[in-house]
Amino acid sequence: MQQSRARLFKEYKEVQREKSADPDIQLVCDDSNIFKWNALIKGPSETPFEGGVFQLAFSVPEQYPLQPPQVRFLTKIFHPNVHFKTGEICLDILKNAWSPAWTLQSVCRAIIALMAHPEPDSPLNCDSGNLLRSGDIRGYQSMARMYTRLAAMPKKG
C-alpha cells in the first residue's frame with residue numbers, strides 16, 4: 001500500500017506541475033483520500049462529443065500500479081464501450097492489457113481516444129453498438145450528439 005501511495009503522490013505532483021500542458025484533461029485528487037480521483041475530459045474534436053465536458057470517477061486499488069484503477073463515466077454518454085446506466089468503460093488497458101507504466105493521466109488520454117474511435121464489436125451499450133455495426137453512422141452520431149448536448153454541455157441562460 002505504501003508503494004501505491006508514493007506512486008499516487010508522484011502522479012499528483014506531476015498533475016499539479018503540468019496543469020496547462022494538457023488542456024483536455026483536468027485531473028483532481030479527493031482531498032481526504034488519495035485513492036479517489038475525478039477527471040473532467042473534453043470531448044474530442046470532430047466527434048459527436050465535441051464541445052462536451054465529461055466527468056470520470058477513478059477508484060484506485062491499493063495494489064496500484066500493479067492493478068488498474070476502476071474508472072467510470074459520471075456524465076451520461078451514448079457510446080458502445082460505455083454502459084449507459086453505470087458508466088462502466090470497456091477498455092483493454094483497464095482490464096487485461098494494463099501495465100504499471102500507465103498513469104491516471106494516460107488512462108484519461110486512452111479514454112479520449114476511445115471516444116473518438118469506438119469499438120462496436122465489444123459493446124456495453126448494445127443500442128449504440130448495433131447502430132455502428134449495422135452501418136448507421138448517422139443515427140449513432142445524432143444520438144451521441146443529443147446526449148452530449150443534454151448531459152455534457154453547460155446549460156445556457
Side-chain angles (χ1 to χ4, degrees), residues 1-125 128-129 132 137 140-141 144-145 147-149 151-154:
M1 184 162 120
Q2 198 56 39
Q3 180 185 6
S4 60
R5 227 177 252 283
R7 164 71 181 260
L8 287 167
F9 276 119
K10 181 181 173 206
E11 287 191 37
Y12 177 78
K13 285 181 191 155
E14 278 177 31
V15 165
Q16 298 306 310
R17 200 172 44 243
E18 297 175 15
K19 268 189 174 157
S20 58
D22 199 339
D24 294 342
I25 301 169
Q26 187 182 348
L27 201 51
V28 181
C29 177
D30 184 296
D31 290 339
S32 61
N33 186 347
I34 190 85
F35 295 101
K36 299 277 182 221
W37 293 65
N38 276 321
L40 294 175
I41 59 173
K42 290 184 181 170
S45 59
E46 297 179 35
T47 72
F49 312 108
E50 184 173 10
V53 177
F54 299 84
Q55 188 176 8
L56 302 172
F58 285 76
S59 183
V60 182
E62 291 184 358
Q63 296 77 19
Y64 182 81
L66 300 177
Q67 285 184 357
Q70 287 184 324
V71 189
R72 65 187 185 92
F73 275 88
L74 294 179
T75 308
K76 287 274 183 242
I77 181 171
F78 188 77
H79 188 284
N81 309 112
V82 180
H83 191 285
F84 190 74
K85 286 193 168 73
T86 66
E88 178 191 348
I89 303 165
C90 181
L91 182 59
D92 59 353
I93 64 150
L94 295 175
K95 308 273 189 275
N96 56 347
W98 174 256
S99 157
W102 287 90
T103 64
L104 301 182
Q105 183 91 4
S106 59
V107 167
C108 288
R109 272 267 140 245
I111 291 170
I112 291 171
L114 181 69
M115 289 169 76
H117 305 285
E119 296 287 341
D121 292 331
S122 61
L124 283 174
N125 178 332
S128 176
L132 286 172
I137 308 298
Y140 161 75
Q141 289 182 336
R145 233 186 328 272
Y147 278 105
T148 298
R149 282 196 194 109
M153 291 184 158

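All values below were derived from every heavy atom in this structure, side-chain atoms included, with hydrogens, water molecules and symmetry-related copies excluded. Only a predicted model underlies this, so the values are computations on that prediction, with no experimental measurement involved.
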(Q) Applying side chain to side chain contact (heavy atoms under 4.5 Å, CB included) to E14 and F9, what does each step give before you reach the verdict? (A) CA-CA 9 Å; E14 278 177 31; F9 276 119; over 6 Å; no
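- Within the structure, every pair that satisfies the side-chain hydrogen bond (donor to acceptor under 3.5 Å, both in side chains) test and touches residues 25-46, not counting sequence neighbours, is listed here: D30-S32, K36-S59.
- Side-chain atoms of N81 come within 3.5 Å of backbone N or O of S122 as a donor-acceptor pair.
- A pairwise comparison of heavy atoms in P44 and T47 identifies O-OG1, 2.6 Å as the closest pair.
- L56 approaches C108 most closely through the heavy-atom pair CD1-SG, 4.3 Å.
- For F35 and Y64, the gap between ring centers reaches or exceeds 6.0 Å.
- With hydrogens and angles ignored, the 3.5 Å screen pairs no side-chain donor or acceptor of H79 with any backbone N or O of G129.
- No side-chain heavy atom of V82 sits less than 4.5 Å from a side-chain heavy atom of L124.
- The two atoms that bring R72 and E88 nearest to each other are CB-N, 4.0 Å, heavy atoms only.
- Proximity of I25 to I112: side-chain heavy atoms (C-beta onward) are separated by under 4.5 Å at one or more points.
- The minimum heavy-atom distance linking G52 with T148 is given by the pair CA-CG2, 3.9 Å.
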(Q) I'd like to know whether Q67 forms a side chain to side chain contact (heavy atoms under 4.5 Å, CB included) with V60, so could you lay out the CA-CA distance, the side-chain angles of the two residues, the decisive distance to 0.1 Å, and finally the verdict. (A) CA-CA 9 Å; Q67 285 184 357; V60 182; over 6 Å; no
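- Annotation: the span from Q16 atom CD to C29 atom SG amounts to 9.0 Å, rounded to 0.5 Å.
- Here the side chains of N125 and H83 are not in contact, with every heavy-atom distance at 4.5 Å or above.
- Using cut-offs of 30° and 60° for the angle between ring planes, the F78 and F84 rings count as perpendicular.
- Two residues are said to be in side-chain contact when any heavy atoms from C-beta on lie closer than 4.5 Å; V107 and W98 meet this criterion.
- Contact detail for T75 and A151: the closest heavy-atom pair is CG2-O, 3.5 Å.
- Atom CG of residue L104 and atom CZ of residue F58 lie 5.5 Å apart, to the nearest 0.5 angstrom.
- Counting only distance, with no hydrogens or angles, the side chain of R7 and the backbone of P100 share a donor-acceptor pair below 3.5 Å.
- Counting heavy-atom neighbours within 6.0 Å of K85 NZ, excluding the residue itself, gives a total of 12 or less.
- Other residues, nucleotides and ligands contribute over 12 non-hydrogen atoms within 6.0 Å of the CD atom of E50.
- No donor-acceptor distance shorter than 3.5 angstrom exists from the side chain of E62 to the backbone of S4, with no hydrogens or angles considered.
- In terms of the salt bridge (charged side-chain N to carboxylate O under 4.0 Å, His left out) criterion, residue partners of R109 (sequence neighbours excluded) are, by chain and number, D22, D24.
- Atom CD of Q70 sits in a sparse spot, with 12 or fewer heavy atoms from other residues, nucleotides or ligands closer than 6.0 Å.
- Between S128 and Y140 there is a side-chain heavy-atom pair separated by less than 4.5 Å.
- I89 and I111 make their closest contact through CD1-CD1, 3.8 Å (heavy atoms, listed as atom of the first residue, atom of the second, distance).
- Judged purely by atom type and a 3.5 angstrom limit, S106 uses its side chain to pair as donor or acceptor with the backbone of T103.
- No side-chain heavy atom of F49 sits under 4.5 Å from any side-chain heavy atom of Q141.
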